[in-house]
2 protein chains.
Amino acid sequence: MAPRTDPPRPDPLTLEVVELIGEVVSRYHEEYDEAAAKHSLTGAQARVLGLLSIEAMPMRRIARKLKCEPSNVTGIVDRLEARGLVERQPDPADRRVKLAAVTEDGRRTAARLRASLDFAREPLGELSDDERTALRDLLKRMLGY
Amino acid sequence: MAPRTDPPRPDPLTLEVVELIGEVVSRYHEEYDEAAAKHSLTGAQARVLGLLSIEAMPMRRIARKLKCEPSNVTGIVDRLEARGLVERQPDPADRRVKLAAVTEDGRRTAARLRASLDFAREPLGELSDDERTALRDLLKRMLGY
DNA sequence: TATTGTTATACTCTATAACTATA
DNA sequence: TATAGTTATAGAGTATAACAATA
């Protein structure tokens with residue numbers, strides 16, 4: 001008896017797109033980690049610093065953003081705090097909560113990091129305005145937006 | 001004095017595309033790691049198993065594919081070998097080299113893993129043939145191919 | 001009782017450096 | 001000498017479970 005829901009055999013075109021997306025993912029990480037390393041940060045540290053440069057937030061929320069366990073955030077913020085890029089602040093509304101916030105130094109580092117990343121992502125500059133619009137719409141459809 | 005090569009201020013459209021690519025990267029990993037976990041594999045183990053299911057190769061080449069140090073591959077292959085999914089074979093042409101090759105069990109696991117991934121990547125099924133062609137061409141241009 | 005953050009523990013991945021056996 | 005693979009080591013990220021303080 002054949003299984004009822006055989007996965008559809010992917011056509012060559014789909015396979016090609018999947019492979020290209022894999023390549024995009026690989027490049028994205030390569031460039032992200034390289035930019036982070038320039039500031040002696042790991043990928044996870046750079047992500048948290050970037051998050052906190054937008055707004056301060058409780059440890060728990062960082063974990064949700066990173067899709068990891070809250071216990072891990074303790075260590076990542078510890079290391080950022082040891083370097084003076086982030087500090088823990090009490091939450092006036094709830095004494096259980098600790099708000100992680102960037103310091104002035106952290107704000108500057110996050111800005112430089114973002115600039116490196118924008119530069120690294122410049123491949124998009126190869127595309128015309130119409131092409132970027134088309135790419136945006138296709139990606140949105142693919143993501144189900 | 002203004003710096004000579006100010007990074008071009010990214011326009012809103014480019015920013016939107018960059019954000020969408022970030023979302024694609026996030027989904028890609030979420031689905032990849034989830035598929036790997038279903039078979040009690042880590043992401044790195046699943047990648048190596050996938051590589052070796054295409055062709056056996058020396059440890060050194062695995063490291064180049066993974067863009068990591070050769071010493072790391074030792075541990076990853078150790079763990080795959082301990083589970084009987086992979087085995088080390090001598091290279092008749094060069095006695096320094098060890099070829100890592102999937103076992104029959106590893107071949108089956110890799111096939112099931114690939115099926116999970118194909119299913120997870122089905123969002124592409126939402127797109128018509130013309131749209132997938134357009135997406136392929138835009139991604140290729142973006143990647144500089 | 002439930003929630004927030006932390007600690008303790010164990011595992012995996014990572015890079016670096018030193019080692020071995022071959023070439 | 002140079003190369004392939006390994007070992008030893010240390011640091012970082014990860015999940016799980018148990019804990020103290022607060023709600």
Side-chain angles (χ1 to χ4, degrees), chain A residues 25-26 29-30 32-52 56-83 85-101, chain B residues 25-26 29-30 32-52 56-83 85-101:
Chain A
V25 169
S26 174
H29 270 107
E30 211 172 328
Y32 195 97
D33 290 349
E34 191 183 342
K38 265 184 215 155
H39 299 87
S40 303
L41 294 169
T42 64
Q45 288 165 13
R47 267 194 302 281
V48 170
L49 189 62
L51 274 179
L52 298 182
M57 63 181 75
M59 305 293 284
R60 209 88 185 176
R61 188 131 65 92
I62 300 175
R64 277 198 300 274
K65 292 273 191 182
L66 259 61
K67 299 188 216 293
C68 76
E69 293 301 314
S71 59
N72 302 328
V73 178
T74 298
I76 298 170
V77 169
D78 278 351
R79 291 181 271 279
L80 288 171
E81 194 165 33
R83 289 185 44 190
L85 300 174
V86 155
E87 62 182 8
R88 286 169 165 92
Q89 296 166 351
D91 181 339
D94 186 337
R95 286 193 298 169
R96 293 173 304 181
V97 172
K98 285 178 193 167
L99 297 173
Chain B
V25 170
S26 174
H29 271 107
E30 210 172 330
Y32 195 99
D33 291 348
E34 191 183 343
K38 263 183 212 154
H39 300 87
S40 303
L41 294 169
T42 65
Q45 288 164 13
R47 266 193 302 281
V48 170
L49 189 62
L51 274 180
L52 298 181
M57 63 180 75
M59 305 294 283
R60 209 87 184 179
R61 187 129 67 93
I62 300 176
R64 276 197 302 272
K65 292 273 193 184
L66 259 58
K67 299 188 218 288
C68 75
E69 292 301 313
S71 60
N72 301 328
V73 178
T74 298
I76 297 172
V77 169
D78 277 352
R79 291 180 272 279
L80 287 171
E81 194 165 32
R83 289 184 46 189
L85 301 174
V86 156
E87 62 183 7
R88 285 169 165 93
Q89 295 167 353
D91 180 340
D94 186 336
R95 285 194 298 169
R96 293 173 303 179
V97 172
K98 286 177 192 168
L99 296 172

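Naming convention: chains lettered A, B, ... in sequence-line order (proteins, then strands); numbering from 1 in each chain.
- We find that CD of A:Glu34 is positioned 14 Å from P of C:dA15, with the value rounded to whole Å.
- One finds the CG atom of B:Leu52 at 7.5 Å from the CG atom of B:Leu80 (value rounded to the nearest 0.5 Å).
- Considering every non-hydrogen atom in both B:His29 and A:Val25, the closest pair reads CE1-CG1, 3.7 Å.
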Using a 3.5 Å cut-off and no angle test, enumerate the donor-acceptor pairs between side-chain atoms of residues 58-76 of chain B and protein atoms at least two apart in sequence or in another chain.
none

Please write out each protein N/O paired with an N/O of nucleotides 5-9 of chain C under 3.5 Å, distance rounded to 0.1 Å.
residue: C:dG5; atom: OP1; partner: A:Met59; partner atom: N; Å: 3.2
residue: C:dG5; atom: OP1; partner: A:Lys98; partner atom: N; Å: 3.3
residue: C:dG5; atom: OP1; partner: A:Lys98; partner atom: O; Å: 3.3
residue: C:dG5; atom: OP2; partner: A:Arg60; partner atom: N; Å: 2.7
residue: C:dG5; atom: N7; partner: A:Arg60; partner atom: NH1; Å: 3.3
residue: C:dT6; atom: OP1; partner: A:Arg88; partner atom: NE; Å: 2.7
residue: C:dT6; atom: OP1; partner: A:Arg88; partner atom: NH2; Å: 3.2
residue: C:dT6; atom: OP1; partner: A:Lys98; partner atom: NZ; Å: 3.4
residue: C:dT6; atom: OP2; partner: A:Thr74; partner atom: OG1; Å: 3.0

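- Note on the helix from C:dT1-D:dA23 to C:dA23-D:dT1: angle between the axes of the first and last five pairs equals 10°, rounded to 10 degrees.
- When rounded to the nearest whole Å, the span between CZ of B:Arg47 and C1' of C:dC13 equals 10 Å.
- Nucleotide C:dC13 holds its P atom 8 Å from the CG atom of B:Leu80, rounded to whole Å.
- Closest non-hydrogen pair, A:Ala36 versus A:Ala46, comes out as CB-CB, 3.7 Å.
- One interatomic measurement links the two molecules: CG of B:Leu66 to P of C:dC13, which rounds to 10 Å at whole-angstrom precision.
- Per the geometry, CD belonging to B:Gln45 stands 11 Å off P belonging to C:dT14, to the nearest Å.
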### Worked check of side chain to side chain contact (heavy atoms under 4.5 Å, CB included) between B:Met57 and B:Leu99
CA-CA 5 Å; B:Met57 63 180 75; B:Leu99 296 172; 5.7 Å; no
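- The residue B:Asp94 sits close only to the backbone: its heavy atoms come under 4.0 Å of sugar-phosphate atoms, none of a base.
- Judged as a side-chain hydrogen bond (donor to acceptor under 3.5 Å, both in side chains), the pairs with a partner in residues 89-101 of chain B (not counting sequence neighbours) are, in order, B:Glu87-B:Gln89, B:Asp94-B:Arg96.
- The outermost nucleotides of DNA chain D lying under 4.0 Å from heavy atoms of chain A, listed 5' to 3', are D:dA12 to D:dA23.
- Every residue two or more places apart in sequence or in another chain that forms a side chain to side chain contact (heavy atoms under 4.5 Å, CB included) with B:Arg83 is listed here: B:Ser40, B:Leu41, B:Gln45, B:Leu85.
- Heavy-atom nearest nucleotides on DNA chain D were determined for A:Arg95 and for A:Ile76, and the one closer to the 5' end corresponds to A:Ile76.
- Between B:Val77 and B:Arg88, some side-chain heavy-atom pair lies under the 4.5 Å cut-off.
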